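In the text below, chain A, chain B and the rest are named by the order of the sequence lines, each starting its count at 1. Note that this is a predicted model, so its numbers are computed, not measured.
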Amino acid sequence: MTKNKGSWSLALLETMKDPLYRVISSEIAVVIKDKFPKAKYHFLILPYEDIPTVFHLTSSERHLKLMDELELLAKNVVEVTGLNSNIFQVGYHSSPSMQRLHLHVISNDYNSPCLKTKIHWNSFNTKFFWDVKYVHKEIRRNGKVNKPNPDISKQLLATELRCHKCDFRPKNMPELKQHLLSHITC
DNA sequence: GTTCTAGAAC
DNA sequence: GTTCTAGAAC
């Protein structure tokens, strides 16, 4: 039986070619705006090379160079915003839905109409989200990063909602979104 | 990944 | 009655 994740899982391959979403690029990777941003700033960094997921990265010379480049582009796009780098989270989803390796660069306001579900929240605010430094270090050390157990990923995405900046426990997403506004500084 | 929507939760 | 979540989508 062949896997069929559906054509939607290929959508990034089109978006990364669309000038409307492009922010900056280099010879080997491109930074785009996420089509459904989960915060005020939400970028994706994708290599042109057809690397489907983070689990396809190896400690080859080519991939080590690519990983450095992805981190450099993350730094560069943060500079483009003019904001302090410490408000950004940079990392990979441990169980990605979309094809083509993509590194998330997201601001920690999480103030966006596209942030709607518990899964959205937990995918950035639990161990489902893997910091780029951890992932690249693991690949350099181990030659690859291992896929997590699907049941554990599922549990992480079902984690009880909790504010990432204080110990507030919202009872639902609307309450969380309202609460997040209280952490925004102008 | 999103959209849609049934029915649970309130 | 309305809000909210969560599962199907061929």
Exercise for review: Applying side-chain hydrogen bond (donor to acceptor under 3.5 Å, both in side chains), run through Gln99(A) and Thr53(A) and close with a yes or a no.
Suggested key: CA-CA 6 Å; Gln99(A) 197 171 315; Thr53(A) 73; over 6 Å; no
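For Tyr110(A) and His164(A), the ring centers sit closer than 6.0 Å to each other.
Every residue meeting the ring pair (Phe, Tyr, Trp, His ring centres under 6.0 Å) condition with Phe128(A), not counting sequence neighbours, appears here in chain and number order: His93(A). Partners of Phe129(A) according to the ring pair (Phe, Tyr, Trp, His ring centres under 6.0 Å) rule, which considers only residues two or more places apart in sequence or in another chain, are Phe124(A). The side-chain contact (heavy atoms from CB on, under 4.5 Å) check on Lys17(A) picks up Glu14(A), with sequence neighbours excluded. For Glu79(A), the salt bridge (charged side-chain N to carboxylate O under 4.0 Å, His left out) criterion is met by Lys75(A), not counting sequence neighbours.
Of the residues in residues 112-125 of chain A, Lys116(A), His120(A) come within less than 4.0 Å of DNA chain B through at least one heavy atom, sorted by number. Within a heavy-atom distance below 4.0 Å of DNA chain B, no residue of residues 16-24 of chain A is found. Contacts with DNA chain C (heavy atom under 4.0 Å) in residues 38-54 of chain A: none are found.
Atom-to-atom distance recorded for Ile45(A):CD1 and Leu103(A):CG is 4.5 Å, nearest 0.5 angstrom.
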Report all side-chain donor-acceptor pairs from residues 150-157 of chain A shorter than 3.5 Å, counting only partners two or more places apart or in another chain.
none

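Here salt bridge (charged side-chain N to carboxylate O under 4.0 Å, His left out) pairs that include residues 108-126 of chain A, with residues two or more places apart or in two chains, number zero. Pairs engaging residues 173-186 of chain A under the side chain to side chain donor-acceptor pair (under 3.5 Å) rule: Lys171(A)-Glu175(A), His179(A)-His183(A) [sequence neighbours left out].
No side-chain heavy atom of Ile28(A) sits less than 4.5 Å from a side-chain heavy atom of Glu49(A).
One finds no salt bridge joining Glu138(A) and Lys144(A) here, because no Lys/Arg side-chain nitrogen approaches an Asp/Glu carboxylate oxygen to under 4.0 Å. We find that Asp167(A) and Arg162(A) are not joined by a salt bridge, their nearest charged nitrogen and carboxylate oxygen being 4.0 Å or further apart.
Around atom CD1 of Ile119(A), no more than 12 heavy atoms belonging to other residues, nucleotides or ligands sit under 6.0 Å away.
Pairs of Watson-Crick or G-U wobble type, with distances under 3.5 Å, assemble into runs of 3 or more in DNA chain B at these ranges: B:2-10 with C:1-9.
Considering His136(A), His102(A), His56(A) as possible partners of Tyr92(A), the one that fulfils the ring pair (Phe, Tyr, Trp, His ring centres under 6.0 Å) test is His136(A).
Bracketed by its first and final contacts, the part of DNA chain B lying under 4.0 Å from non-hydrogen atoms of chain A reaches from dG1(B) to dT3(B) in 5' to 3' order.
His93(A) comes within 4.0 angstrom of sugar-phosphate atoms only, judged by non-hydrogen atoms across all strands, and of no base.
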